[in-house]
Amino acid sequence: MKITQILKSKDTALSFEVFPPKTGEAFAGVVAAVDKIAALAPDFMSVTYGAGGGTSEYSAAIAEHMKNDLGVTPLAHLSCISSDKADVLEKLTRLKNSGIENVLALRGDIPRNFAGNLDYKYASQLVAQIKEWGCFCIGGACYPEGHPESPTLFADIENLKIKVDAGCDFLTSQMFFDNDAFYSFLSKIRDAGIYVPVIAGIMPVTNGRQIKRMMSLSGGTLPARFRRIIDRFGDNPAAMTQAGIAYATEQIIDLYANGIRAVHVYSMNKPEVAAAIRANLSDIV
Ligand code: FAD
């Protein structure tokens, strides 16, 4: 099923994300995690695309497993910065032949010592190429606090408009920890003429140090209330996991209460975290 159809048919949608293994030996372990997360009956599941494309084979295989063996709608991520057009067409052909209908079209992070790419500079070019095919439901990434390479949030929103106009059917947001930042972003993009559905990305934090590092790299902010939680529990993995799940649950309930219809949980191959979030929302979603 296309994600746009899911979003139209549900007042509250919930999805989970997994990432592919780096090696063949780790594949079975990732599949076991995918199976447990799929058993929670999410509305769809996304599978990321390894930076540089080195794990693309596993991404496609996991998306196929979701669709064929688990009956869950897959969203396959695809990034273009390390590919040429022929490579992208080959990957799209595989997805299409497997009956996968949803693709999250990404540029990808610029690799170190990057020599440049003649075919793709921005995700909007990939979106346009996929659109030409006419058969995929296409998602794009968006950044409630601005993409780190953008000089301002407004410049980023102007570029987002180009990407959406190239053919995005929906957007999924970068993780955020302050819902007000997300509401303010939504209002700004609507003012800029971007009307496609936006799925809110929520990360249940289980590792305090890791999230501090990630946020400092991405330019995102940690609200003081959440920073205090990380400062207090960040060195105790069990306590941080419990607090991170509680904080994410509160964010999700607030989002639904404020009319946001779809939340994507960055569940990071952790079935126990996905299950706890699901249980906390058992009468809500
Ligand atoms: P773009 O939309 O191309 O934007 C990149 C930068 O270029 C932005 O600063 C934008 O403002 C600017 N820009 C865009 N168009 C123009 C233009 N026409 N002129 C000037 N500037 C422009 N990475 C992976 O490797 N694998 C994944 O599976 C993956 N999944 C992700 C899922 C989500 C929901 C999100 C939010 C991110 C994901 N990423 C993933 C990370 C993503 O690849 C990086 O954030 C990357 O740096 C930007 O990708 P993008 O598709 O947003 O790029």
Side-chain angles (χ1 to χ4, degrees), residues 3 12-22 30 33-34 36-38 40 42-51 55 59 62-63 66 72-79 102 104 106 108-109 139-145 147-148 170-179 181-182 185 198-223 226 229-230 234 237 240-256 260-281 285:
I3 284 174
T12 46
L14 186 71
S15 53
F16 292 117
E17 180 159 304
V18 295
F19 57 83
K22 288 206 170 74
V30 172
V34 170
K36 286 185 188 156
I37 296 175
L40 302 168
D43 291 297
F44 68 88
M45 282 173 75
S46 77
V47 52
T48 65
Y49 190 87
T55 60
S59 291
I62 288 171
M66 288 171 183
V72 172
T73 297
L75 167 61
H77 294 202
L78 177 65
S79 77
N102 305 292
L104 191 74
L106 299 148
D109 284 326
C142 65
Y143 302 83
E145 298 178 89
H147 183 266
F170 68 94
L171 297 168
T172 304
S173 87
Q174 179 63 287
M175 67 186 79
F176 57 89
F177 297 96
D178 174 359
N179 287 3
F182 182 72
F185 172 72
V198 183
I199 303 175
I202 294 295
M203 161 81 98
V205 172
T206 57
N207 182 325
R209 263 189 217 143
Q210 184 187 41
I211 200 68
K212 278 186 178 170
R213 203 173 47 245
M214 280 166 72
M215 295 310 273
S216 75
L217 288 176
S218 72
T221 50
L222 289 170
F226 192 46
I229 291 173
I230 295 174
M240 187 63 241
T241 298
Q242 199 165 45
I245 288 168
Y247 191 90
T249 302
E250 247 187 60
Q251 271 193 286
I252 295 170
I253 292 172
D254 180 75
L255 288 164
Y256 288 142
I260 304 303
R261 294 170 58 139
V263 173
H264 184 63
V265 178
Y266 292 107
S267 44
M268 310 288 286
N269 298 6
K270 293 194 175 104
E272 64 289 355
V273 171
I277 295 278
R278 190 55 152 156
N280 287 347
L281 302 171
V285 189

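Excluded from the calculations below are hydrogen atoms, water molecules and symmetry mates; all remaining heavy atoms, backbone and side chain alike, are included.
Using modelled atom types, one side-chain atom of Y256 and one backbone atom of A13 make a donor-acceptor pair closer than 3.5 Å. Although no hydrogens or angles enter the test, the distance criterion places a donor-acceptor pair under 3.5 Å between the side chain of T55 and the main chain of G50. A side-chain donor-acceptor contact under 3.5 Å links D43 to the backbone of L14. Side chain of N269 to main chain of F19: a donor-acceptor pair is present (N/O by atom type, distance under 3.5 Å, no hydrogens or angles).
For F226, the ring pair (Phe, Tyr, Trp, His ring centres under 6.0 Å) partners are F177, Y247, not counting sequence neighbours.
Rounding to the nearest 0.5 angstrom, the gap separating the NZ atom in K270 from the CD atom in E17 is 12.0 Å. Taking CE of M215 as the start and CD of Q174 as the end, the distance is 7.5 Å to the nearest 0.5 Å. A distance of 10.5 Å separates CE in M268 from CD1 in I37, rounded to the nearest 0.5 Å. How far CG of L104 is from CG of L171: 9.0 Å, rounded to the nearest 0.5 Å. Taken from CD1 in I260 to CD1 in I199, the straight-line distance is 11.5 Å, to the nearest 0.5 Å. Interatomic distance, OG1 of T172 versus CD1 of I3, reported as 7.0 Å (0.5 Å rounding).
A donor and an acceptor atom, one from each side chain of E145 and T221, are located under 3.5 Å apart.
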Under 3.5 Å, which donor-acceptor pairs do the side chains of residues 72-79 form with other protein atoms, sequence neighbours left out?
unit_1: H77; atom_1: NE2; unit_2: S46; atom_2: OG; d: 3.4

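Counted within 6.0 Å of NZ on K212, heavy atoms from surrounding residues, nucleotides or ligands total more than 12; the atom is thus considered enclosed. Enclosure of atom CD in Q242 is not indicated, since only 12 or fewer non-hydrogen atoms of other residues, nucleotides or ligands lie within 6.0 angstrom.
Taking each heavy atom of R278 and L40 in turn, the nearest pair found is NE-O, 2.8 Å. Between V34 and I62, the shortest heavy-atom contact is CG2-CG2, 4.0 Å. Minimum heavy-atom separation, C142 to P144: O-CD, 3.7 Å. Shortest non-hydrogen contact noted between V47 and A63 is CG1-CB, 3.9 Å. Counting all heavy atoms, side chain and backbone alike, A248 lies closest to I277 at CB-CD1, 3.9 Å. For I229 against A243, the heavy-atom pair with the smallest separation is CG2-CB, 3.7 Å.
Counting only heavy atoms from C-beta outward, the side chains of V265 and I252 approach each other to under 4.5 Å. Here the side chains of I211 and M175 are in contact, with some heavy-atom distance below 4.5 Å. Using a 4.5 Å heavy-atom threshold, the side chains of N207 and M240 count as separate. By the 4.5 Å heavy-atom criterion applied to side chains, P20 and T48 are counted as neighbours.
Using cut-offs of 30° and 60° on the angle between ring planes, the pair F185 and F182 is tilted.
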Taking it one step at a time, do V18 and M66 satisfy side-chain contact (heavy atoms from CB on, under 4.5 Å)?
CA-CA 11 Å; V18 295; M66 288 171 183; 3.6 Å; yes
